[in-house]
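Shown next, in structure tokens, is the structure this report addresses.
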Amino acid sequence: MAVAPESIQSAFPVADPPGVDSRLLHAALDASEHHVLITDRKGRIVFANQSLAERHGRVRDELIGESVEQIMRTDNHSPSQLEKMRQAMRENRPIRVVVQGVHSTGRPLWLSLNITPILSSDGRAGHFVGIATDITQSIEDSRIKKELQDRVESREQERDRLALELRMAQKLEAVGRLAAGVAHEINTPMQYVSDNVTFLSQSVDDLANVIGAYRSDREHGDEVAAAVEADYLLTELPMAMQRARDGLKRVTDIVRAMKEFSHPNSEARSSAEINKAIATTLEVARSEYKHVAAIELDLGPLPLVPCNVGELNQVFLNLLVNAAHAIQAAGKDVTTGRIRIATRHSGADLEIDFEDNGCGIEAANVEKIFDPFFTTKEVGKGTGQGLAISRSIVVDRHGGTLEVHSVVGTGTRFTIRLPVTPP
């Protein structure tokens with residue numbers, strides 16, 4: 001049987017609003033998607049709207065007079081929640097809880113349940129109204145949003161990890177490429193030093209013989225001095241010593257440049273001299289360009305710049321090696337090849353140009369050269385990581401820009417702009 005509107009009236013002994021029939025209120029409650037329940041003080045159900053009955057898969061008439069505890073069994077009320085609700089009802093005060101239930105169809109259901117006491121004239125609650133709002137979609141949206149956020153964070157972490165691996169791989173590639181050249185650069189002055197030290201050693205022995213001969217017999221000393229060409233030795237010895245010192249200085253410069261170039265790669269930034277960093281890179285990479293191109297330097301006065309100089313050294317090396325390869329690809333050598341490096345302070349930025357007169361880049365490839373693993377070099381010549389990592393270092397990590405201008409058959413110019421005060 002249907003629930004009579006009088007059941008609501010008996011629960012709320014108040015007059016209907018002007019012009020509003022109890023049946024109309026009853027229909028409105030049934031039309032609501034919220035679950036509405038009214039109990040007396042003993043917890044017996046005196047009203048349930050259609051939405052609540054459907055949720056539990058029950059006939060609404062069967063719910064009237066039933067204990068509300070029967071309804072609450074299908075909801076995941078924790079013992080602490082139940083005790084909070086009982087305490088609030090004993091104290092005649094409203095309470096709100098969020099519970100998880102199950103729809104009659106079997107799907108999970110999240111509800112925001114508000115319980116409000118209806119006070120009589122003596123201040124006691126004669127009835128309680130429970131209104132439950134289905135917040136399943138909101139909970140699901142929050143869950144999906146969190147999953148998406150976690151997925152984005154995971155992908156960002158993966159991207160950062162891959163970027164780090166790419167930077168390390170490219171750096172290892174650069175170190176491997178330079179190792180043979182640096183070894184040769186060190187070997188040449190060391191051979192130079194070795195030859196001069198051998199000459200010095202032999203000359204000292206000869207001069208010792210001359211001195212010994214003079215001490216025993218002056219005439220014999222003159223003969224020995226003539227035999228070993230003492231005058232020649234006295235002329236050449238200072239020059240041999242100077243050549244040995246020059247060779248050792250060359251080795252020292254190379255080792256110092258390698259030490260500065262391989263500055264530990266960390267997140268910390270420090271004030272650095274960009275011109276000095278370029279000079280260091282030129283020293284380290286000399287074997288890459290010395291037989292290919294002449295270097296033209298136009299380094300203007302620059303302020304110190306807070307940066308990760310180790311990363312910028314890597315960028316300078318990439319651009320320098322690319323320029324040397326482009327000149328070599330154009331069939332030029334040290335007599336015709338040219339690499340121009342210029343620096344200047346322009347407003348709030350530093351500008352650094354690496355310009356070559358090599359083969360240039362096809363217009364169709366200019367937009368692709370910063371893509372990871374894209375390369376125009378022959379197989380085995382490059383991995384296509386250098387420019388992608390260089391752009392990431394300049395743009396993402398230093399807030400600058402890296403631009404390229406190239407004409408096929410004429411050459412290429414890369415321009416780096418770094419903010420004097422990094423963002």
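- Remark: I278 CD1 to I295 CD1 distance equals 11.0 Å, nearest 0.5 Å.
- For the pair C359 and V408, the minimum side-chain heavy-atom distance is 4.5 Å or more.
- Under the rule for a ring pair (Phe, Tyr, Trp, His ring centres under 6.0 Å), F128 has no partner lying at least two apart in sequence or in another chain.
- Under the 4.0 Å criterion applied to side-chain N and carboxylate O atoms, E54 and R60 are not assigned as salt-bridge partners.
- For residues 312-321, no pair satisfies salt bridge (Lys or Arg N to Asp or Glu O under 4.0 Å), with sequence neighbours left out.
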Show me the side-chain donor-acceptor pairs of residues 149-156 shorter than 3.5 Å, one per line, residues at least two apart or across chains.
{"unit_1": "D150", "atom_1": "OD2", "unit_2": "K146", "atom_2": "NZ", "d": "3.0"}

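- Within the 4.5 Å cutoff, the side chain of I393 has heavy atoms near those of the H398 side chain.
- Among residues two or more places apart in sequence or in another chain, the salt bridge (charged side-chain N to carboxylate O under 4.0 Å, His left out) test is passed with E273 by none.
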* Asked: Passes salt bridge (Lys or Arg N to Asp or Glu O under 4.0 Å), D298 versus R340? Steps please.
  -> CA-CA 8 Å; D298 181 14; R340 179 178 178 272; 3.2 Å; yes

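- Of all heavy-atom pairs between V394 and T401, the closest is CG1-O, 3.4 Å.
- Atom CD of E362 sits in a sparse spot, with 12 or fewer heavy atoms from other residues, nucleotides or ligands closer than 6.0 Å.
- The structure places OG1 of T116 at 6.5 Å from CD1 of I131, a figure rounded to the nearest 0.5 Å.
- Between V36 and F47, some side-chain heavy-atom pair lies under the 4.5 Å cut-off.
- Residues satisfying the side chain to side chain donor-acceptor pair (under 3.5 Å) criterion with E351, sequence neighbours excluded, are R344, R417.
- Other residues, nucleotides and ligands contribute only 12 or fewer heavy atoms inside 6.0 Å of the CD atom of E33.
- Listed here is the closest heavy atom pair of Y289 and L282: OH-O, 2.9 Å.
- Put simply, the side chain of P117 reaches to within 4.5 Å of the side chain of P94, judged on heavy atoms.
- The two residues I339 and A323 come nearest to each other via the heavy atoms CD1-CB, 3.9 Å.
- Residues C307 and A272 approach most closely at SG-CB, 3.7 Å, considering heavy atoms.
- Residue pairs meeting the ring-ring contact (aromatic ring centres under 6.0 Å, His included) criterion with at least one partner in residues 329-365, sequence neighbours excluded, are F316-F354.
- If you check the side chains of N318 and Q314, you find no donor sitting under 3.5 Å from an acceptor.
- Residues N49 and S51 have side chains that never bring a donor and an acceptor to within less than 3.5 angstrom of each other.
- H35 has its side chain within reach of L111: a pair of non-hydrogen atoms, C-beta onward, lies under 4.5 Å apart.
- The environment of R93 atom CZ is dense: over 12 non-hydrogen atoms of other residues, nucleotides or ligands sit within 6.0 angstrom.
- Between D356 and A326, the shortest heavy-atom contact is OD1-CB, 4.1 Å.
- Counting all heavy atoms, side chain and backbone alike, R41 lies closest to R124 at NE-NH2, 3.4 Å.
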